[in-house]
Every structure is written in structure tokens, then in C-alpha cells.
Amino acid sequence: MADLPDHVITLIFLRVPTKPLFRFKSLSKHWNRVISDPEFIKSRSRRMIFLPSLPFDHAIDNTGAPSMAKLTSPIIYPKLYKGITIVGSFNGIFFLVLKYCKPLIIDYRWFHDHMILYNPLSGEFKALPFRPASDSHSTYVFGFGYGYGATTNDLKIVRLKTDSEYHEVFDLKTWSWSRPSELIRSNRSWGNWSATFANGFLYWNAERREDLCPAILAFDIKNMVFSEIEYPDGCFGLGTYNAWLCMLCPQVNMDGFELRVMNEHGSWSTICLFTSSFKTLIYHEAALGGLCILDDGKLLMSKSSKEFIIYDMFEDSYKEVNALTSVVRAGRLQCVEYVESLISPSDVCYTSI
């Protein structure tokens, strides 16, 4: 194949299953270049919605008509874990936090979480260095975030501890943890929820300790600074719409909902008003943490362990997706949208993408 032109090699590789392609990348620099070409990756990639389950082997193929797809699950032992937090994704690589059923003890230090970078297409994963919660047996609840600042090579993971002023940052370029001096000024409780990433910021649902009022905790990744945004009255469910932070809110004095998008820091605009026959399900899933706002203006909800609803807020229409087997949710329905990628978790750690 060395003498074949690139377009012929591309046609051949388009027919090759995913796993052999990953092996082919290491056999030849020429093949690696062809397989890593963005247009080739795009031609093979599907738009997917990742679902939290143990083992994490389910996703919804949202390329055309939504359908359930089986993923390549990494070689882990699900019985070691009691929950999974899907923190976020970047270029098809996920950051997942697996919570141990029993804390792992290393050198008299307690570890409650197993943190990994994972490619659902290949099943390849890479574990982050352990970061102890404490030197004692205390159990802490963490909030996590995954995103980048001004450029995509500024990829970072942020870990917050409930009711603490301190936070920790993992830099994927240097592959190391640090504890910045910037403090979270007032006590807040954000629970075991992951942040929503939008335009260089991480956003957590939070609660002010002094008055128990809901708030949004924002973190500027580039400048490493925290701020607080007032929570719109009655709104729920942080998400993104066209990459902008958004929320779902009940219409005032009306039997319906509105989708609001944040234009500037704390300034919101309504872009969609709708009523829905799924009103009860929307409130039910929101209360259980099972409502997902998709970036294209749709809602993903779970009717049962084998049936999901994708509801279009703009068209007032819906589609049902039936699971191949029962999807046992390990935690809330933290669905995350992504486009499949042939990138290795090791590459996303050390190279600019």
C-alpha cells in the first residue's frame, strides 16, 4: 500500500473496523497521518449521546434517527464502583469519575474516586494520578469540571470540595495537580454534580450557605477566578444551546416553559417558549437530576430503564429511543453529547488539538 495515493488508502480505511485502525496508526507515519486527518475522522464519526451506566457501554446514536448503540467498554471491574460521574468531553475524549464502593487506601491515605480519560469509540482509557481526599477516613463530596480557557491546549480539570474555600486543578499539559491560591470566597454547597462548560467558563449549580438560595458558581479557566451568578427565579437544569449556557424555566402565570440563554455574565434572554404533553415528566426528571438539555434545543429524558424520550422544544415533537438492554443509571442522567474521535486519551494529555 506504500505506493497507493492517499485517496485510495482513505477509501480502504473507510471500510476497516475501528479497532484495527487504532493499531494501523502505530504501524506507519503515513497511515497515521491519513487516519488522523480531520476530514477522514469526520467521515467516520457519529454524533452520540453518552449515558451513565456501569459498565458504561451504552450511548444514543444521534447522527440521524436516534437509536441505541453499544460501546466498547474499557477493561475495568464495575463491582468496584457504586457510581459514575460524567464530567464532560473534549474531541471525543471523556473525563469520568468512578466512585469506589469502599475507599482505596494507599500509604494510609484514603481515595474515594478513580478518575479516567476515556475514548468510547476505542474503549481506550488513561487514569489520572490519584489525589487523596484527606489523610483521614472522612468522606467528601466533590464537584468536578472539565474544559479549556483561551485555547484548546489549555485543557484543565477542576475539583471542588463541598463547603471548602479551596479547589484543585489538574493541568493536562503538565500532567500534574495544583492547589491555586484563589479562594472560593463564600461557603457554598454544590453536591456531587459536574460543571457545564461554555465559552471558557465552568458553571456549577450551587447553593449559598448563608441563605440556602440557589446560585450559579462560575470559574474563568483562563484567569483562574471564581464568581457568582444569580439564579433566575424558578429555573432549573444547566445546559448549553449552540455552545451558550442555557437554562429551562417555567413560564410565569402560564402552563409551559421557556428556554433562556445567557448572553453576558448574568444576563439572560428567552429564545423559545413551549408547552408540552411531557410537562409532568420534565418536572419529575428535573427533580431527580435526570433532565438533559441538548445543544441543538432538545431535551433527553428517561421514561424507564429501557426507554428514552428526545423532545424538540422548538418543534414540540419527540422521538422514542429503546435501549438494547436495561440501562442501569449509576447516578443522575448526566448525558453528554460528543462526536466520535480516533484520538487517544494519551494524546489529548500531551498535545495541542
Side-chain angles (χ1 to χ4, degrees), residues 47-50 52 62 85-97 117 142-160 167 169-172 182 184 188 190-207 214-232 235-249 257-272 286 289 291-300 313-314 332-339 341 348 353:
R47 296 190 63 84
M48 308 288 284
I49 303 172
F50 189 80
N62 203 28
T85 299
I86 306 174
V87 181
S89 71
F90 174 71
N91 275 7
I93 303 298
F94 278 78
F95 173 49
L96 305 178
V97 179
L117 296 170
F142 293 103
F144 290 90
Y146 180 48
Y148 57 88
T151 60
T152 56
N153 65 355
D154 185 28
L155 196 59
K156 289 182 171 63
I157 291 165
V158 180
R159 186 171 84 163
L160 314 177
H167 65 287
V169 176
F170 185 80
D171 190 319
L172 277 82
E182 169 71 19
I184 308 172
R188 299 174 178 87
W190 40 80
N192 191 25
W193 284 28
S194 49
T196 298
F197 172 71
N199 298 314
F201 281 78
L202 293 169
Y203 300 95
W204 286 269
N205 281 303
E207 183 181 84
I216 298 173
L217 181 64
F219 180 69
D220 183 336
I221 300 175
K222 177 184 176 181
N223 298 310
M224 306 286 280
V225 174
F226 284 96
S227 59
E228 184 180 295
I229 300 172
E230 186 176 349
Y231 218 88
C235 295
F236 51 87
L238 286 179
T240 61
Y241 173 70
N242 286 339
W244 292 90
L245 188 73
C246 71
M247 298 189 75
L248 199 61
C249 311
F257 301 92
E258 56 184 86
L259 181 65
R260 295 185 188 178
V261 170
M262 191 173 74
N263 307 309
E264 299 176 359
H265 214 56
S267 173
W268 302 83
S269 295
T270 298
I271 61 168
C272 177
L291 184 70
C292 292
I293 302 176
L294 305 180
D295 195 68
D296 60 355
K298 297 182 177 68
L299 298 176
L300 175 65
M313 292 180 279
F314 289 85
R332 69 189 188 95
L333 186 61
Q334 308 147 298
C335 72
V336 174
E337 298 174 272
Y338 69 101
V339 176
S341 167
V348 78
I353 300 172

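We number each residue from 1, following the sequence as shown.
For M313 against C272, the heavy-atom pair with the smallest separation is O-SG, 3.5 Å. Closest of all the heavy-atom pairs between I229 and A218 is CD1-CB, 4.2 Å. S89 approaches E337 most closely through the heavy-atom pair OG-O, 3.4 Å.
Rounding to the nearest 0.5 angstrom, the gap separating the CG atom in L96 from the CD1 atom in I86 is 6.5 Å. A distance of 11.5 Å separates CG of N205 from CZ of F236, quoted to the nearest 0.5 Å. Taking SG of C246 as the reference point, atom CG of L238 lies at 8.0 Å (rounded to 0.5 Å).
A perpendicular orientation is assigned to the rings of F95 and F144, their planes being inclined by more than 60° (bins at 30° and 60°). Between F219 and F226, the angle of the ring planes lies from 30° to 60°, which puts this pair in the tilted group. Below 30°, between 30° and 60°, or above 60°: for F94 and Y338 the angle between ring planes is above 60°, a perpendicular geometry.
Contact annotation: the side chain of F314 approaches that of I271 to within less than 4.5 Å [non-hydrogen atoms, C-beta and beyond]. Residues L299 and L248 meet the side-chain proximity criterion, which asks for heavy atoms closer than 4.5 Å. Looking at T196 and I293, their side chains never come closer than 4.5 Å, going by heavy atoms from C-beta outward.
A side-chain donor-acceptor contact under 3.5 Å links D295 to the backbone of A243.
None of F90, Y203, Y146, Y148 except one satisfies the ring pair (Phe, Tyr, Trp, His ring centres under 6.0 Å) rule with F197; the exception is Y148.
Side-chain contact check for N263 and S269: at least one donor-acceptor pair (N or O, by modelled atom type) lies under 3.5 Å.
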